[in-house]
2 protein chains.
Amino acid sequence: MSEASALGTSRVRDAAPLFAALGDRTRFRLLMRLSSSGPRSITSLCARSQVSRQAITKHLAVLAEAGLVRSGRRGRERMWELEPKRLAEAHAYLDRISAQWDDALGRLSAYIDNPPPRR
Amino acid sequence: MSEASALGTSRVRDAAPLFAALGDRTRFRLLMRLSSSGPRSITSLCARSQVSRQAITKHLAVLAEAGLVRSGRRGRERMWELEPKRLAEAHAYLDRISAQWDDALGRLSAYIDNPPPRR
DNA sequence: CTCATGTGCAACCTCCGGGTTGCATATTGG
DNA sequence: CCAATATGCAACCCGGAGGTTGCACATGAG
C-alpha cells in the first residue's frame with residue numbers, strides 16, 4: 001500500500017501547516033539550496049541571501065517544525081538537511097485531491113463549459 | 001517530456017505563492033470539498049463552514065489567483081471547480097526538490113548520522 | 001589561552017492575511 | 001412585478017508572520 005493511501009482524512013489537519021511552510025519565498029529558496037547542495041550550516045546558507053542570519057534561523061525553525069528539515073550539531077556548527085519523507089507526504093496530499101477530483105468528474109463530467117439543464 | 005522537467009529554475013518564483021495558497025486550513029478544506037463533490041457554488045460551499053460567506057469568497061479568490069480553481073457564472077450563481085493542471089505543477093515542484101536531494105545524497109551520502117572527518 | 005567564528009535568545013517593528021459586518025446589486029421563481 | 005436568493009464590494013479589526021538589531025554564549029583554530 002502506498003503512503004498516499006495511508007493518509008487518513010483526519011490527517012488533513014496536518015496538510016495546511018506543511019504547505020504553509022513551503023509557501024514562503026525565502027523558505028522555498030532555502031529548501032532549493034538545501035536540496036541541491038546537500039547538508040549545510042546556517043552561515044553557509046546565509047552566504048548570498050538577502051536577509052539576515054536570524055531570519056534564516058527562524059525560517060529553518062519553521063521548516064523543522066513542519067518536519068521538512070532536521071538538524072544536527074557538528075562542533076560549533078549546526079548542519080541542516082532535508083527530510084524527504086515529509087516531502088513525500090505533501091506529495092500524497094496533492095495526489096489525494098487530484099484523485100478525488102478525477103473521481104468527481106467521472107461522475108459529473110464537464111460542468112462549467114457544458115452546463116446540464118436545471119431541474 | 002514530462003511537465004515536471006518543463007519547470008525552469010526561473011519559475012521557482014511561482015512556487016511559493018502556489019504553496020501559500022494551499023497552506024491555509026480553511027482553503028485546504030475548501031479544496032478538499034471541491035475535489036470530492038465536484039463543482040459547487042459559494043453558498044453551497046459555505047453550508048457547514050464555520051466562517052462567513054465573505055471569508056469563503058476571499059479564499060476562493062486567493063485560490064483562483066494561485067490558479068488552483070476557476071469559476072464561471074451560471075445564472076445568479078457562480079460555480080467553482082478545481083484546476084488539476086496547477087496541482088500537477090505543485091507536484092512537479094516537490095518532485096524537483098526530491099530529485100535534487102537524492103542527487104546530492106548520491107554525491108555525499110549520509111552526513112549527520114555519519115559525519116566525515118573534517119579536513 | 002585567546003580571539004575569531006558560529007549560534008542562540010529576546011525585544012521590537014511593520015505589514016498583511018484572515019475574519020467580520022453592513023450595504024449594494026443582480027437574477028429568478030411565481 | 002416582487003420578494004427571496006446568490007453574490008459583489010468596501011471599510012474596519014486584530015494577531016501573528018517575517019524581518020531587524022543587539023548582545024550573550026559556546027567552541028575550535030593557532
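Within every chain, numbering begins at 1; the chains are lettered A, B, ... in the order of the sequence lines, protein sequences first and strands thereafter.
The two atoms that bring B/Glu89 and B/Leu18 nearest to each other are C-CD2, 4.5 Å, heavy atoms only. Listed here is the closest heavy atom pair of A/Ala88 and A/His91: O-CB, 2.8 Å. Taking all atoms of both residues into account, the shortest heavy-atom contact from A/Leu34 to A/Pro39 is CD2-CA, 4.4 Å.
Comparing the axis of the opening five pairs of the helix from C/dC1-D/dG30 to C/dG30-D/dC1 with that of the closing five pairs yields an angle of 40°, rounded to 10°.
Of the residues in residues 42-49 of chain A, none has a non-hydrogen atom less than 4.0 angstrom from any atom of DNA chain D.
Not one N or O on the side chain of A/Arg74 forms a donor-acceptor pair closer than 3.5 Å with the backbone of A/Met79. In this structure, the side chain of A/Arg86 does not engage the main chain of A/Gly67 through any donor-acceptor pair within 3.5 Å. Checked by atom type and distance alone, the side chain of B/Arg27 pairs as donor or acceptor with a backbone atom of B/Ala20 at under 3.5 Å.
Rounded to an integer number of Å, the gap from CZ of A/Arg29 to C1' of D/dG19 is 16 Å. Protein atom CG of B/Leu60 is 16 Å distant from nucleotide atom P of D/dA6, rounded to whole Å. Remark: P of D/dG28 and CZ of A/Arg78 are 14 Å apart, rounded to the nearest angstrom. If you take CG of A/Leu30 and P of D/dG19, they are 10 Å apart, rounded to a whole angstrom.
Cluster membership for A/Val62 and A/Leu68, using ILVMFWY side-chain heavy atoms within less than 4.5 angstrom, is not shared.
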- Expected string for nucleotides 17-27 of chain C under the B/S/- scheme (protein heavy atoms, under 4.0 Å, primed atoms plus P, OP1, OP2 as sugar-phosphate) is -SBBBB----B
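Residues in residues 28-58 of chain A take part in these ring pair (Phe, Tyr, Trp, His ring centres under 6.0 Å) pairs, two or more places apart or across chains: A/Phe28-B/Phe19.
Residues passing the side chain to side chain donor-acceptor pair (under 3.5 Å) test with A/Arg29, sequence neighbours excluded: none. Judged as a side chain to side chain donor-acceptor pair (under 3.5 Å), and not counting sequence neighbours, the contacts of A/Ser44 are A/Arg40.
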